[in-house]
Amino acid sequence: MFKLQTQSNNSPIGIFDSGIGGLSIAKCITEQLPRENLIYVADSKFAPYGEQPLDKIIERVNTIAQWFIEQHCKAIVVACNTATVNAIDQLRAKVSIPIIGVEPAIKPAAALSKNKKVGVLVTSATAENPRFLSLINQHKNGASIFVQPCPGLVNMIETGQQDSHECFALLTQFLSPLLANNIDQLVLGCTHYPFVSKQIKHIVGNNVHLLETAQPVTEQLSRQLKKNKIVNLSNGCGKSLFYSNHHNTNHDQLLSTLWSTQLRFTSFI
Ligand code: DGL
């Protein structure tokens, strides 16, 4: 068990990802739960998690969670599909504060699909994970689910190459088999992928609907805060702090664009 520090309703929520992917979720949280204080950690030095062995993913998740607890966080959002499927169960067993994870939106995709053909883009470590495979079986509801691992894509986004020809070629390579299977729903099963949704839409066209997870994760966080009576009730807007262990000006730019104000990541070890 991690030794918990004192917390109050005003304590921050810790949110992390292997890099900048989880910012898509952090942004949704700040918009919908504006009174909450947030601490975001981009573990970019260790990205991509999807190409790391299981014990490394677990070690990173526990190191960051321990640090959040030292910062008196009242809840933790694992804003990473790869870390959720590979490490959230062991983390929940060690920590008593609410831990909210993110899982690919298979259930709503299967429900929305007219031809019962759903594509899912994930990292390699998610694609092979038994928890993920059982999520598919549990929620496919008669639909055929086509899983496409996307090695190299997180790295393209982390290094600011999302608008490059190389990234477009990589996406075309990953999406072609899904289009050949005639999918009408496409689940973005990695929090980095919303940052290439424009490129994905260009390739798949208007007949394929994209599903992201920022909204359902924010709703789940809100339910957990209410259930545990730890909603921040103070007047005014909460503060958000952003940390990264691999400084990159592209990341500062993305952060500033998303929050529409000049922001920088602070160094995190
Ligand atoms: N954003 C992470 C996810 O949702 C990316 C994992 C990685 O670093 O490979 O899976």
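Atoms within a ligand are numbered from 1 in the order they appear, just like the ligands themselves.
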Chemist: Under 6.0 Å between ring centres, would you say that holds for Phe16 and Trp67?
Modeler: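 No.
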Chemist: Is Thr191 touching ligand 1 with its side chain, its backbone, both, or neither, if touching means heavy atoms under 4.0 Å apart?
Modeler: both
Chemist: Look at atom 9 (O) of ligand 1 and say which protein heavy atom is nearest, naming residue and atom and giving the distance to 0.1 Å.
Modeler: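 Of every protein heavy atom, Gly50 N, 2.7 Å lies nearest to atom 9 (O) of ligand 1.
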Chemist: With atoms numbered from 1 as shown, which atoms in ligand 1 lie under 4.0 angstrom from a non-hydrogen atom of Asp17?
Modeler: 1 (N), 2 (C)
Chemist: Below the 3.5 angstrom mark, is there an N/O of Tyr49, backbone or side chain, next to an N/O of ligand 1?
Modeler: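 Yes, since at least one N or O of Tyr49 sits under 3.5 Å from an N or O of ligand 1.
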Chemist: Which pair of heavy atoms, one from Gln224 and one from Pro98, lies closest together, and at what distance?
Modeler: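 For Gln224 versus Pro98, the nearest heavy atoms are OE1-CB, 3.9 Å.
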Chemist: Provide the number and element of each atom of ligand 1 under 4.0 Å from a heavy atom of Cys190.
Modeler: 1 (N), 2 (C), 3 (C), 4 (O), 5 (C), 10 (O)
Chemist: Any chance the rings of His202 and Phe168 have centres within less than 6.0 Å?
Modeler: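 Centroid separation for His202 and Phe168: below 6.0 Å.
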Chemist: Looking at every non-hydrogen atom in both residues, tell me the closest pair between Ala87 and Ile57 and how far apart they are.
Modeler: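 Scanning both residues, the minimum pair turns out to be CB-CG2, 4.5 Å.
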Chemist: Looking only at distances, can you tell me whether any N or O atom of Glu51, backbone or side chain, sits closer than 3.5 Å to an N or O atom of ligand 1?
Modeler: no
Chemist: Mind checking whether Thr123 contacts ligand 1 via backbone (N, CA, C, O), side chain (CB onward), both or neither, at a 4.0 Å heavy-atom cut-off?
Modeler: side chain
Chemist: Considering only non-hydrogen protein atoms, determine which one is nearest to atom 8 (O) of ligand 1 and report residue, atom name and distance to 0.1 Å.
Modeler: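 Its nearest protein heavy-atom neighbour is Ser18 OG, 2.5 Å.
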Chemist: Quick one: look at Pro48 and ligand 1, take heavy-atom pairs under 4.0 Å, and tell me if it's side chain, backbone, both or neither.
Modeler: both
Chemist: Regarding Asp184 and Asn207, is there a side-chain donor-to-acceptor distance under 3.5 Å anywhere?
Modeler: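 No - no donor-acceptor pair under 3.5 Å links their side chains.
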Chemist: Pairing donors with acceptors under 3.5 angstrom, does anything connect the side chains of Glu158 and Asn250?
Modeler: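 Not at all, the side chains of Glu158 and Asn250 share no donor-acceptor pair under 3.5 Å.
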Chemist: I'd like to know whether Leu258 forms a side-chain contact (heavy atoms from CB on, under 4.5 Å) with Phe195, so could you lay out the CA-CA distance, the side-chain angles of the two residues, the decisive distance to 0.1 Å, and finally the verdict.
Modeler: CA-CA 11 Å; Leu258 282 173; Phe195 293 117; 4.0 Å; yes
Chemist: At what distance is the nearest protein heavy atom to atom 10 (O) of ligand 1, and which residue and atom is it?
Modeler: Thr82 OG1, 2.6 Å
Chemist: Under 3.5 Å between any N/O of Val154 and any N/O of ligand 1: does that happen in this structure?
Modeler: no
Chemist: Following the transitive rule for hydrophobic clusters with a side-chain heavy-atom cut-off under 4.5 Å over Ile, Leu, Val, Met, Phe, Trp and Tyr, establish whether Val85 and Leu133 coincide in one cluster.
Modeler: yes
